[in-house]
**Q** 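Handing you this structure, nothing more for now.
Please read these numbers as outputs of a predicted model, since none were measured by experiment.
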Amino acid sequence: MQWEDYAANGFPNTTRDGYMAENVGWLRAQLPAGARMMLWAHDLHVSRAPGWMGSVLGLQSGTDYVNVGFAFGTGMFNAFPTDAEGQITGPVGPQAAPPSTLDGFDAPALATRVPLFLLDARRVTDAGAPATFTGPVPVRMVGATYDPGAAATTYDYPTQLPHDFDLMIYVQTSTASTLLPFRYQ
């Protein structure tokens, strides 16, 4: 029923994420009292930005909902390559990270030269915090598809800490994950 509604309405992200949140709620309801749950999804889906699954989960769960964003400076990642129209042009595979934008989160994080860190955004306050952290500031978020010819800012999403994410993991140089063999039969 969710898929039919989603498709009938033209596949809007808000509908998809609303149903994702509904399904997470159903799964949580199946757990025994006091149990915890971990959910892994793309940064935008877990974000508290309006319209995303995380905004619904945050409203439903209050401080029990703790989300984590991921950011990286340079390196490789796996994604389906696409053309400028968003059409997939090949199999999933390693892609080179686009350069960080100077006004985004990634550039000052890269400048720290710290190879790996965890930022507890819940400790960031508007008073005295640099704009890099309070935002909104662009954070690079690449999903399952990636257009290597797109402008570097194509994958930057305005993010406001600590509203959108409680924690932010930063990896200076990422490596593409090892793909497991897959054969569709």
**Q** Strictly below 4.0 Å, N to O, side chains only: are Asp166 and Arg48 in salt-bridge contact?
**A**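 Counted as a salt bridge, because a side-chain N and a carboxylate O are separated by less than 4.0 Å.
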**Q** Side chain to side chain contact (heavy atoms under 4.5 Å, CB included), that's the test. Do Phe72 and Asp106 meet it? Break it down for me.
**A** CA-CA 6 Å; Phe72 65 99; Asp106 304 332; over 6 Å; no
**Q** Which atoms form the tightest heavy-atom contact between Tyr65 and Gly54, and what is the distance?
**A**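 Minimum heavy-atom contact is OH-CA, 3.4 Å.
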**Q** Considering residues at least two apart in sequence or located in another chain, which fulfil the side-chain contact (heavy atoms from CB on, under 4.5 Å) criterion with Thr74?
**A** Leu110, Thr173
**Q** Looking only at non-hydrogen atoms, find the nearest pair between Ala35 and Leu31 and report the distance.
**A** CB-CB, 3.8 Å
**Q** Would Leu57 and Leu39 count as a side chain to side chain contact (heavy atoms under 4.5 Å, CB included) if you check the C-alpha gap in whole Å, the side-chain angles of each, and the deciding distance to 0.1 Å?
**A** CA-CA 11 Å; Leu57 295 176; Leu39 169 71; 4.0 Å; yes
**Q** Assess the side chains of Thr153 and Arg140: does a donor N or O sit below 3.5 Å from an acceptor N or O?
**A** no
**Q** Using the rule that Ile, Leu, Val, Met, Phe, Trp and Tyr join whenever any side-chain heavy atoms are under 4.5 Å apart, tell me whether Leu27 and Met53 fall into a single cluster.
**A** yes
**Q** What distance do Thr82 atom OG1 and Tyr146 atom OH have between them, rounded to the nearest 0.5 Å?
**A**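 So the gap between those two atoms works out to 9.0 Å.
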**Q** Taking side chain as C-beta onward, heavy atoms only, is Met168 less than 4.5 Å from Phe105?
**A** yes
**Q** Are Val66 and Ile169 joined in one hydrophobic group, where the rule is that I, L, V, M, F, W and Y side chains link up if heavy atoms are under 4.5 Å apart?
**A** yes
**Q** Under 4.5 Å between any side-chain heavy atoms of Asp83 and Asp147, yes or no?
**A** no
**Q** Provide the closest heavy-atom pair for Pro162 versus Ala121 in the form atom of the first, atom of the second, distance.
**A** CB-O, 2.8 Å
**Q** Is the shortest heavy-atom distance from the side chain of Leu161 to the side chain of Val139 under 4.5 Å?
**A** no
**Q** State, yes or no, whether a side-chain contact exists between Val114 and Tyr170 at a heavy-atom distance under 4.5 Å.
**A** no
**Q** I need the Asn67 CG to His45 NE2 distance, nearest 0.5 Å.
**A**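 Rounded to the nearest 0.5 Å, the CG-NE2 separation comes out at 13.5 Å.
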**Q** Side chains of Asp5 and Gln2: does their closest heavy-atom pair fall under 4.5 Å?
**A**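 Asp5 does not reach Gln2 side chain to side chain.
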**Q** Any side-chain heavy-atom pair from Glu22 and Val24 closer than 4.5 angstrom?
**A** no
**Q** Of all residues at least two apart in sequence or in a different chain, which pass the side-chain contact (heavy atoms from CB on, under 4.5 Å) check with Val56?
**A** Ala21, Gln60
**Q** Does any donor atom in the side chain of Ser177 or Asn78 lie under 3.5 Å from an acceptor atom in the other side chain?
**A**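 There is such a pair (donor and acceptor under 3.5 Å, judged by atom type) between the side chains of Ser177 and Asn78.
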**Q** Look at the side-chain heavy atoms of Ile, Leu, Val, Met, Phe, Trp and Tyr, link any pair under 4.5 Å apart, and say whether Leu116 and Leu118 land in one connected group.
**A**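 Looking at the clustering, Leu118 is in the same group as Leu116.
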**Q** Below 4.5 Å, heavy atoms only, C-beta onward: do His42 and Ser47 meet side chain to side chain?
**A**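 Side-chain contact under 4.5 Å: no.
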**Q** Does Trp40 belong to the same Ile/Leu/Val/Met/Phe/Trp/Tyr cluster as Met37, with side-chain heavy atoms less than 4.5 Å apart forming each link?
**A**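 Different hydrophobic clusters.
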**Q** Would you please indicate if the ring centroids of Tyr157 and Trp52 are separated by under 6.0 Å?
**A**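 Aromatic pair excluded; centres sit 6.0 Å or further apart.
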**Q** Side chain of Thr112, backbone of Ala109: donor and acceptor closer than 3.5 Å?
**A** yes
**Q** Any chance CZ of Arg122 has more than 12 other-residue heavy atoms, nucleotides or ligands included, within less than 6.0 Å?
**A**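 Atom CZ in Arg122 is packed in, count exceeds 12.
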**Q** Measuring only between side-chain heavy atoms, which start at C-beta, is Gln160 closer than 4.5 Å to Val137?
**A**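 No; the side chains remain at least 4.5 Å from each other.
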**Q** Any donor and acceptor pair, going by atom type alone, linking the side chain of Ser174 with main-chain N or O of Met76 inside 3.5 Å?
**A** yes
**Q** Of the non-hydrogen atoms in Phe165 and Val68, which two are nearest, and what is the gap between them?
**A**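 Distance-wise, the nearest heavy atoms are CD2-C, 3.9 Å.
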**Q** Using a 4.5 Å cut-off between side-chain heavy atoms of Ile, Leu, Val, Met, Phe, Trp and Tyr, which other residues end up in the same hydrophobic cluster as Ile88?
**A**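 Under the 4.5 Å side-chain rule, Ile88 groups with Phe80, Val92, Leu179.
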**Q** Grab the two heavy atoms, one from Phe77 and one from Ala97, that are nearest each other, plus how far apart they are.
**A**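 Scanning both residues completely, I find the closest heavy atoms to be CE2-CA, 3.6 Å.
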**Q** Would a single hydrophobic cluster contain both Leu119 and Met141, if residues Ile, Leu, Val, Met, Phe, Trp and Tyr are joined by side-chain heavy-atom contacts under 4.5 Å?
**A** yes
**Q** For a quick test of reading the model, state the closest non-hydrogen atom pair linking Pro91 to Pro81 and the distance between them.
**A**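 Nearest pair, atom of Pro91 first, then Pro81: O-CD, 3.2 Å.
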